[in-house]
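Worksheet: one structure, shown below.
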Amino acid sequence: MKMGKIPAEWPALQIELAKRVKVEPFAGIPALVAGVDIAFTADGNTAQAAAVVYSVAEKRIIEQHVIRRPVKYPYVPNFLSFREGPILQELIAELREPWEVIMFDGQGIAHPRDCGLAAHLGVLLDRPAIGVAKSRLCGEHEEPGLTAGSHSPLLLDGKQVGIALRTRNGVKPLFVSIGNRMDLESARRIVLACCKYRVPEPTRQADILTKRRKT
DNA sequence: GCGACAG
DNA sequence: ATCTTGTCGC
């Protein structure tokens with residue numbers, strides 16, 4: 001895991017990928033929602049990634065995969081997708097269940113160049129994707145109401161790029177933004193439909209798998 | 001120069 | 001992200 005600087009072509013690639021993001025409503029609530037996440041060893045040299053498929057109706061995970069790979073790049077704000085993207089793509093390719101939407105732990109278009117992890121991979125996959133971050137990367141917002149479902153717009157340069165969404169009563173809000181083939185209203189509806197706890201089940205379960213036995 | 005900064 | 005135990009609260 002080396003490389004301290006950022007390849008000169010990365011920012012330009014993000015700009016190009018952002019242009020390919022499709023904003024469109026997603027009808028209804030998907031039956032199967034995929035979720036992915038990654039954990040790192042203390043030495044920072046190994047990544048353990050997990051992907052799951054969650055059945056919204058049955059409220060349970062129906063498929064799961066875990067892989068370990070050496071870390072190639074360090075974490076650099078705004079370039080998370082280059083660090084986690086390759087591993088996640090490999091993992092997503094192993095999914096057999098027909099998932100309709102995929103959720104990522106990170107921003108969608110709520111990014112300086114409109115290309116956060118969910119937008120970046122959503123475009124490469126050409127599938128509906130949603131960014132669900134536990135904290136803010138950029139933009140400003142008002143504190144949403146304290147009840148589950150309350151939300152306030154996340155603004156960047158005066159334009160709405162996402163929402164601060166309170167998924168459960170009294171918990172810290174999540175930052176939801178579209179990744180691809182989705183619109184903000186649909187994304188909010190889908191995230192809330194998957195929330196048993198603060199973090200939606202797809203990414204929450206993937207996160208749990210991710211922290212399990214790094215043998 | 002001083003903060004801010006997904007995971 | 002990861003290092004870390006108990007502890008306060010619903």
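Quick note on labels: first sequence line is chain A, next is B, and so on, each numbered from 1.
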Protein and nucleotides 4-10 of chain C: nitrogen or oxygen contacts under 3.5 angstrom:
none

At under 4.0 Å between heavy atoms, how does the protein contact nucleotides 1-7 of chain B? Give one character per nucleotide, 5' to 3', with B, S or -.
---SBBB

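The hydrophobic clustering, which links ILVMFWY residues whose side-chain heavy atoms are closer than 4.5 Å, places V161(A) and I178(A) apart. Transitive grouping of hydrophobic side chains (ILVMFWY, heavy atoms separated by less than 4.5 Å) brings I130(A) and I163(A) into a common cluster.
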Each base of DNA chain C marked ( ) or [ ] if paired in-strand (Watson-Crick or G-U under 3.5 Å), | if paired to another strand and . if unpaired gives ..........

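Listed by chain and residue number, P7(A) satisfy the side chain to side chain contact (heavy atoms under 4.5 Å, CB included) test with E9(A) (two or more places apart in sequence, or in another chain).
Although no hydrogens or angles enter the test, the distance criterion places no donor-acceptor pair under 3.5 Å between the side chain of E201(A) and the main chain of A193(A). Q48(A) places a side-chain N or O within donor-acceptor distance of the main-chain N or O of R212(A), the cut-off being under 3.5 Å. Between the Q14(A) side chain and the N78(A) main chain, a donor and an acceptor come within less than 3.5 Å of each other.
Spacing between atom CZ of R68(A) and atom C1' of dA1(C) amounts to 16 Å, rounded to whole angstrom units. When rounded to the nearest whole Å, the span between OH of Y73(A) and C1' of dA1(C) equals 19 Å.
Put simply, OH on Y54(A) and NZ on K59(A) are 5.0 Å apart, with the number rounded to the nearest 0.5 Å. In this structure, OH in Y197(A) is found 5.5 Å from CZ in R204(A), a value given to the nearest 0.5 Å.
Within the structure, salt bridge (Lys or Arg N to Asp or Glu O under 4.0 Å) contacts touching residues 116-138 of chain A (residues at least two apart or in different chains) are D105(A)-K134(A), D126(A)-R181(A).
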Listing, residues 86-95 of chain A side-chain donor-acceptor contacts under 3.5 Å, not counting sequence neighbours, or none:
from, atom 1, to, atom 2, distance (Å)
E90(A), OE1, R69(A), NE, 3.3
E90(A), OE2, R69(A), NE, 3.1
E90(A), OE2, R69(A), NH2, 2.3

